Amino acid sequence: MMFSKKTLIAAATLTAIIATGCAMSSNISEESLGLRKTDLYTENTTTGDKTSYSTVAAGESKVYERAFENAPPMISHEVEDMLPITIDNNSCLGCHDPLVAASVNATPVPKSHLFDMRKDKVLATVSNARYNCTQCHAPQSDNEPLVENTFKPEFRTQNGMKHSNLLDNLNEGVQ
Ligand code: HEC
Ligand code: HEC
């Protein structure tokens, strides 16, 4: 097929316009580079959102949904006066010890916390490996997420949404 010279020039010009247009729309603004949404020149005055943990007292808070089956639950209540956990003072256990928990309406520590994984032995008290509760359990700060989390957990049982049972199925798929 033959094209006239005019048609070819028109087509070339059109291609050039489209190409420039694409190049222009792919310009990236400085404000869009990071999660802070400010440019580099205001770096020094850019501050993050304030951390804002729950101030609701233990016993009056509403527990969070579990993130996934056997995830360590987030702490739903204020922990201000309970930290740091020291060798002589672990106030968490004052309420979450299975001997006390029911009387204060707290979730008792699960079986996995009363078990020595190295010696395969049930313990009468919380394992030393589980003593430092906030190593794994954290409070939630009330902030708008910068990136939406689209993860959706799948719980195999209804109970798994509210309670953990790691020790019962720790060896699943292994033995
Ligand atoms: C005065 C008693 C008390 C103390 C001390 C306490 N808790 Fe709690 N905790 C509760 C109660 C009661 C709940 C249930 C929610 C509520 O009623 O506020 C709870 C809920 C939780 C939950 C959520 C449980 C679930 O089923 O989702 C976690 C995790 C937790 N506490 C961890 C801790 C940690 C870690 C500490 C120490 C820093 C601690 N708690 C200290 C009473 C206490
Ligand atoms: C090494 C990490 C780790 C430490 C330390 C730890 N936990 Fe946990 N905790 C977990 C995980 C993981 C789960 C959920 C799976 C399981 O073990 O059943 C859990 C579950 C729990 C639950 C939910 C129980 C249920 O029936 O659903 C409570 C309450 C809890 N922990 C309290 C505590 C307290 C109080 C301490 C400190 C004495 C503590 N944990 C220390 C990792 C930890």
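Quantities reported herein were computed from a predicted structural model and do not represent experimental measurements. Atoms within a ligand are numbered from 1 in the order they appear, just like the ligands themselves.
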Short N/O distance, under 3.5 Å, between [X] and ligand 2?
| X | answer |
| --- | --- |
| Asn132 | no |
| Thr107 | no |
| Leu166 | yes |

Starting from [atom], which protein heavy atom do you reach first, and at what distance in Å?
| atom | value |
| --- | --- |
| atom 28 (C) of ligand 2 | Pro110 CD, 3.9 Å |
| atom 22 (C) of ligand 1 | Met74 O, 4.0 Å |
| atom 13 (C) of ligand 1 | Ala106 CA, 4.0 Å |
| atom 42 (C) of ligand 2 | Arg130 NH1, 3.3 Å |
| atom 41 (C) of ligand 1 | Met82 SD, 3.3 Å |
| atom 3 (C) of ligand 2 | Cys136 SG, 2.6 Å |
| atom 18 (O) of ligand 1 | Ser61 OG, 2.5 Å |
| atom 26 (O) of ligand 2 | His163 ND1, 3.0 Å |

- Query: Do Ser141 and Thr51 have side-chain atoms, one donor and one acceptor, less than 3.5 Å apart?
  - Reply: no
- Task: Tell me yes or no: between the side chains of Thr86 and Asn89, is some donor less than 3.5 Å from an acceptor?
- Result: no
Does [X] use its side chain to pair, donor to acceptor, with the backbone of [Y] at less than 3.5 Å?
| X | Y | result |
| --- | --- | --- |
| Glu31 | Thr38 | no |
| Ser32 | Ser29 | yes |
| Asn143 | Lys50 | yes |
| Ser91 | Gly94 | no |
| Asp39 | Thr42 | yes |
| His96 | Ala106 | no |

What part of [X], side chain from CB on, backbone N/CA/C/O, both or neither, has a heavy atom under 4.0 Å from ligand 1?
| X | result |
| --- | --- |
| Asn105 | backbone |
| Val104 | backbone |
| Arg66 | side chain |

- Query: Atoms of ligand 1 less than 4.0 Å from Val63 heavy atoms?
  - Reply: 15 (C), 25 (C), 27 (O)
- For Cys95, counting its heavy atoms only, list the atoms of ligand 1 lying under 4.0 Å from any of them. 1 (C), 2 (C), 3 (C), 4 (C), 5 (C), 42 (C), 43 (C)
- N, O or S of His113 under 2.8 Å from atom 8 (Fe) of ligand 2: yes
Which ligand 2 atoms does [X] reach within 4.0 Å, using its non-hydrogen atoms?
| X | value |
| --- | --- |
| Ser112 | 16 (C), 17 (O), 18 (O) |
| Val109 | 32 (C), 33 (C), 34 (C), 35 (C) |
| Asn165 | 18 (O) |
| Ala129 | 5 (C) |
| Leu93 | 38 (C) |

- Query: Below 4.0 Å from any atom of ligand 2, is there a heavy atom belonging to Ala71?
  - Reply: yes
For [X], is at least one N or O under 3.5 Å away from an N or O on ligand 1?
| X | value |
| --- | --- |
| Ser91 | no |
| His137 | no |
| Leu83 | no |

- Query: Should one rank Ser54, Pro73, Ala57 by closest heavy-atom distance to atom 29 (C) of ligand 1, which comes out on top?
  - Reply: Pro73
- Query: Hey, looking at atom 37 (C) of ligand 1, which of Pro108, Pro84, Cys92, Cys133 has the closest heavy atom?
  - Reply: Cys92
- Show your working on side-chain contact (heavy atoms from CB on, under 4.5 Å) between Asn90 and Cys133 and close with a plain yes or no. CA-CA 9 Å; Asn90 185 338; Cys133 316; 4.0 Å; yes
- Query: Is any side-chain heavy atom of Met74 less than 4.5 Å from a side-chain heavy atom of Gln140?
  - Reply: yes
- Item | Note, Ser164 side chain near Arg66 side chain (heavy atom, < 4.5 Å) | yes
- N/O/S of His96 less than 2.8 Å from atom 8 (Fe) of ligand 1? yes
- Task: Please state whether the separation between atom 8 (Fe) of ligand 1 and some N/O/S atom of His77 is under 2.8 Å?
- Result: yes
Show the nearest heavy-atom pair for residues [X] and [Y], with the distance to one decimal.
| X | Y | value |
| --- | --- | --- |
| Val126 | Leu114 | N-CD2, 3.6 Å |
| Ser76 | Tyr64 | CA-CE1, 3.6 Å |
| Val79 | Ile75 | CG1-CG2, 3.8 Å |

- Thinking salt bridges, do Glu172 and Arg156 make one under a 4.0 Å N-O criterion? yes
- Message: Yes or no: does Gly59 have any heavy atom under 4.0 Å from an atom of ligand 1?
- Response: yes
So for atom [atom1], which belongs to [X], do other residues, nucleotides or ligands contribute more than 12 heavy atoms lying within a distance under 6.0 Å?
| X | atom1 | answer |
| --- | --- | --- |
| Asp120 | CG | yes |
| Asn171 | CG | yes |
| Lys162 | NZ | no |

